[in-house]
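Remarks on the structure that follows.
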Amino acid sequence: MAFLNIEGRSVAYRLLGAEANPLVVLAHPLGMSQAVWDDVLPVLLTRYRVLTWDLPGHGASQAWGDGPITPAELAKEAIALADHAGAGRFHFVGTSIGGVVGQQLISEHGERLLSAALTNTGAVIGTSELWTTRAERVRREGLAAMSGEIVPRWFAPACFDAEPALKAGWCTQMGRGDDESYALLCEMLGRDTFTGKLSGKGVKVQLFGGSEDLATPPATLEALAAECDGAPLEVLEGVGHVPSVEAPSRFAEKLLAVMAVDLGDVGAEGVDYSTGLATRKQVLGEEHVARSTHNANSLDTPFQQMITRLAWGELWSNDDLTRRERSMITTGILAALGREELTLHLKTAQRIGLSEAELRQVLMHVAIYAGVPAANHAFALAKELGWGSGESSA
């Protein structure tokens, strides 16, 4: 876990995965913490860089200071964290109040979003009276005292039957939160709604609900879908309010489908230049792409455009293989052929997060199937670029 100072307040976050992968930002529900995403991380990290954070007064984030909390302030945190990660655009996934953060991003910062998956949330959640009453009770009784009645509303009964310790665990987590920050967030939910604010924003939106969700039942998601120009809604059977905890494998696979780049009919239409360019910048780094573009002239500009569409659009933007797998394939082919682009892709393999052991195996395959001299050259070049350490068991 790391910390970032945002407008004088310490915010706890995690930034995981290779910088060459697209970024997805995950926002957790009220009363919980970024730990809700733990069980979906192994699936997401195969293809994405992942950023999670704790809301004010939750988890390890500092409590809120003076004044009300607004969706705009929470969205500002998400953007500050994405900027810190170096991502101009990113995917967003938010559950419950995390989905409210997503709605603010859609409403005011849609140009930053590659997609938004909003789960178990609504343009309006509950009533103003409900949230005012809860805020008053939290200030009077404290989160630890109230957790026993709130936590059971998050999960389908079958989930508690399968994991009896789940209730006590999340009651403990909730009880450690800051009472005043929680109360301020309750007041925000009762005060700030998104009715009439989400139409025509041009953002790819997918909604998920839970058939057993008491806090934001499917009808609440249906109303949100209407606000989002008829965004698709899928209700997960047997799931309550927190799909990342209750059905992590199923939910993670659905998120991968939402975030996948839609290349259309590649055989008939190819892939547009902008898609290839975005992928090329993510994988190779913006500085390299800017340098290549700057160095191009009338002779090779059409060539640069072609490889951007074909290599980076049709191949590297395709989700049938992970970028890690494509890096190993590309590095092996270039090493076998002795091409000068090997230097670039050995650097790319570092950005993608290829391990030393994985690179070693790629080059060992080159030695067996393409010849020892080719592999020897590739090993030497890799060492020049910083691969390997000074230690050897030979």
Side-chain angles (χ1 to χ4, degrees), residues 24-32 36-37 40 71 74-75 91-110 113-132 134 150 152-159 185-186 188-248 250-260 262:
V24 54
V25 177
L26 310 177
H28 67 77
L30 181 66
M32 304 185 85
V36 299
W37 306 110
V40 303
L74 299 181
H91 298 280
F92 183 87
V93 181
T95 296
S96 188
I97 196 171
V100 172
V101 179
Q103 291 172 65
Q104 178 68 28
L105 290 170
I106 292 169
S107 175
E108 301 296 332
H109 306 282
L113 297 177
L114 294 167
S115 72
L118 310 181
T119 95
N120 308 83
T121 190
V124 179
I125 302 176
T127 65
S128 177
E129 181 182 6
L130 179 153
W131 292 114
T132 299
R134 184 179 291 189
I150 294 175
R153 292 175 54 82
W154 294 343
F155 302 102
C159 192
L185 288 167
C186 288
M188 183 194 84
L189 291 174
R191 179 187 65 243
D192 298 308
T193 66
F194 285 87
T195 303
K197 299 178 181 179
L198 301 172
S199 178
K201 299 301 180 179
V203 177
K204 178 184 178 181
V205 177
Q206 171 69 51
L207 306 180
F208 293 100
S211 65
E212 309 301 311
D213 189 356
L214 300 177
T216 51
T220 301
L221 273 297
E222 291 167 1
L224 177 58
E227 294 288 339
C228 296
D229 300 321
L233 164 64
E234 182 172 355
V235 177
L236 305 177
E237 287 299 320
V239 171
H241 194 58
V242 197
S244 60
V245 174
E246 297 175 81
R250 186 174 17 148
F251 185 52
E253 291 299 330
K254 292 185 181 299
L255 290 180
L256 289 183
V258 172
M259 296 186 291
D262 183 5

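For reference, positions follow the sequence shown, starting with 1. Worth knowing before you read on, the calculation uses all heavy atoms, side chains too, and leaves out hydrogens, waters and symmetry mates.
- With sequence neighbours left out, Pro157 forms a side-chain contact (heavy atoms from CB on, under 4.5 Å) with no residue at all.
- Judged as a side-chain contact (heavy atoms from CB on, under 4.5 Å), and not counting sequence neighbours, the contacts of Val124 are Thr193, Thr195.
- One finds the CG atom of Leu118 at 11.0 Å from the OG1 atom of Thr216 (value rounded to the nearest 0.5 Å).
- Under the rule for a side-chain contact (heavy atoms from CB on, under 4.5 Å), the partners of Leu114 that lie at least two apart in sequence or sit in another chain are Arg89, His91.
- Annotation: side-chain hydrogen bond (donor to acceptor under 3.5 Å, both in side chains) contacts of Ser244 (sequence neighbours excluded): none.
- Although no hydrogens or angles enter the test, the distance criterion places no donor-acceptor pair under 3.5 Å between the side chain of Glu237 and the main chain of Ser211.
- Every residue two or more places apart in sequence or in another chain that forms a side-chain contact (heavy atoms from CB on, under 4.5 Å) with Ser128 is listed here: Thr132.
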Return a table of donor-acceptor pairs under 3.5 angstrom between the side chains of residues 93-100 and protein atoms on other chains or two or more places apart.
| from | atom 1 | to | atom 2 | distance (Å) |
| --- | --- | --- | --- | --- |
| Thr95 | OG1 | Thr119 | OG1 | 2.7 |
| Ser96 | OG | His241 | NE2 | 2.9 |

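- Residue pairs meeting the salt bridge (charged side-chain N to carboxylate O under 4.0 Å, His left out) criterion with at least one partner in residues 202-214, sequence neighbours excluded, do not occur; the list is empty.
- Of the inter-residue distances, the one linking Lys197 atom NZ with Ser107 atom OG reads 6.5 Å to the nearest 0.5 angstrom.
- Leu207 is not listed as a side-chain neighbour of Pro232, based on a closest heavy-atom distance of 4.5 Å or more.
- Within the model, atoms CG of Leu30 and SG of Cys186 stand 5.0 Å from one another, a figure rounded to the nearest 0.5 Å.
- Here Ser115 contributes atom OG and Met259 contributes atom CE; the two are 6.5 Å apart, rounded to the nearest 0.5 Å.
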Check your understanding: For Val101 and Phe92, what are the C-alpha separation, side-chain angles and deciding distance, and is it a side chain to side chain contact (heavy atoms under 4.5 Å, CB included)?
Key -> CA-CA 9 Å; Val101 179; Phe92 183 87; 4.0 Å; yes
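- Although no hydrogens or angles enter the test, the distance criterion places no donor-acceptor pair under 3.5 Å between the side chain of Glu108 and the main chain of Gln104.
- Gln103 places no side-chain N or O within 3.5 Å of a backbone atom of Thr121 that could act as its donor or acceptor partner.
- Side chain of Trp37 to main chain of Val245: no donor-acceptor pair is present (N/O by atom type, distance under 3.5 Å, no hydrogens or angles).
- In terms of the side-chain hydrogen bond (donor to acceptor under 3.5 Å, both in side chains) criterion, residue partners of Lys254 (sequence neighbours excluded) are, by chain and number, Glu234.
- Under the side-chain hydrogen bond (donor to acceptor under 3.5 Å, both in side chains) criterion, the residue pairs touching residues 217-230 are Ser199-Asp229, with sequence neighbours excluded.
- Applying the ring-ring contact (aromatic ring centres under 6.0 Å, His included) test to residues at least two apart or on different chains, the pairs with a partner in residues 207-226 are Phe208-Phe251.
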